[in-house]
Amino acid sequence: VQLQACGGGLVQAGGSLRLSCTASGRTFGAYVMGWFRQAPGKEREFVAAINWSGSYRRYTNSVKGRFTISTDNAKNTVDLQMNSLKPEDTAVYYCFSGGNIVAETIRPQYWGQGTLVTVSS
């Protein structure tokens with residue numbers, strides 16, 4: 001699976017951005033997809049995930065109510081709509097696929113390149 005992410009940028013606090021990740025290669029429908037992020041000096045952390053049918057979504061607590069993950073199987077894409085952004089959301093965001101969405105810790109099989117999100121105060 002190859003993952004191509006886009007949509008990062010600079011936004012003021014309270015603003016919105018939409019990240020998109022397109023998958024190619026192996027059968028898209030067999031995988032969980034989602035996003036991790038890594039802030040400067042911090043470990044990579046889970047942000048959100050969705051199963052291929054879109055029937056199950058999972059978010060880290062800090063983004064619940066602000067971020068929405070969605071998938072379009074026809075286009076092999078997964079999007080992350082980020083609203084009410086905060087400076088602490090600043091990070092490189094990485095698209096992933098694979099792993100068990102209901103596991104305590106999601107362990108991705110594939111990673112996309114990161115896309116930088118910067119939220120200014």
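Just so we're clear, the structure is a prediction, and the values are computed from it rather than from any experiment.
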[atom1] of [X] to [atom2] of [Y]: how many Å apart, nearest 0.5 Å?
| X | Y | atom1 | atom2 | value |
| --- | --- | --- | --- | --- |
| Tyr59 | Ile69 | OH | CD1 | 6.5 Å |
| Gln2 | Asn76 | CD | CG | 11.5 Å |
| Leu3 | Thr22 | CG | OG1 | 9.0 Å |
| Arg37 | Thr60 | CZ | OG1 | 7.0 Å |
| Lys86 | Ser62 | NZ | OG | 8.0 Å |
| Gln12 | Ser121 | CD | OG | 9.5 Å |

Please name the pair of heavy atoms, one in [X] and one in [Y], separated by the smallest distance, quoted to 0.1 Å.
| X | Y | answer |
| --- | --- | --- |
| Met33 | Ser97 | CG-CB, 3.8 Å |
| Gly98 | Gln109 | CA-OE1, 3.5 Å |
| Ile101 | Asn51 | CD1-N, 3.6 Å |
| Val92 | Gly114 | CG1-CA, 3.5 Å |
| Ala49 | Ile106 | CB-CD1, 3.9 Å |
| Ala91 | Leu116 | O-CD1, 3.6 Å |

Look only at the side chain of [X] and the backbone of [Y], and say whether a donor-acceptor pair between them is shorter than 3.5 Å.
| X | Y | value |
| --- | --- | --- |
| Gln113 | Ala5 | yes |
| Ser84 | Arg66 | no |
| Thr71 | Thr77 | yes |

Check your understanding: Between Tyr93 and Phe67, how do the two ring planes meet: parallel, tilted or perpendicular, split at 30° and 60°?
Key -> tilted
Point to revise | From Leu10, Leu17, Thr90, residue fulfilling side-chain contact (heavy atoms from CB on, under 4.5 Å) relative to Val119 | key: Thr90
Point to revise | Cation over ring face, Arg44 and Phe96, 6.0 Å, 45° | key: no
Exercise for review: Check the pair Met82 / Asp89 against side-chain contact (heavy atoms from CB on, under 4.5 Å), numbers first and verdict last.
Suggested key: CA-CA 9 Å; Met82 304 184 295; Asp89 294 318; over 6 Å; no
Check your understanding: Quick one: which of Phe46, Tyr94, Tyr110 gives a ring pair (Phe, Tyr, Trp, His ring centres under 6.0 Å) with Phe36?
Key -> Phe46
Check your understanding: If we ignore angles and hydrogens, is there a donor and acceptor under 3.5 Å between the side chains of Asp79 and Ser20?
Key -> yes
Check your understanding: Is the SG of Cys21 found under 2.5 Å away from the SG of Cys6?
Key -> no
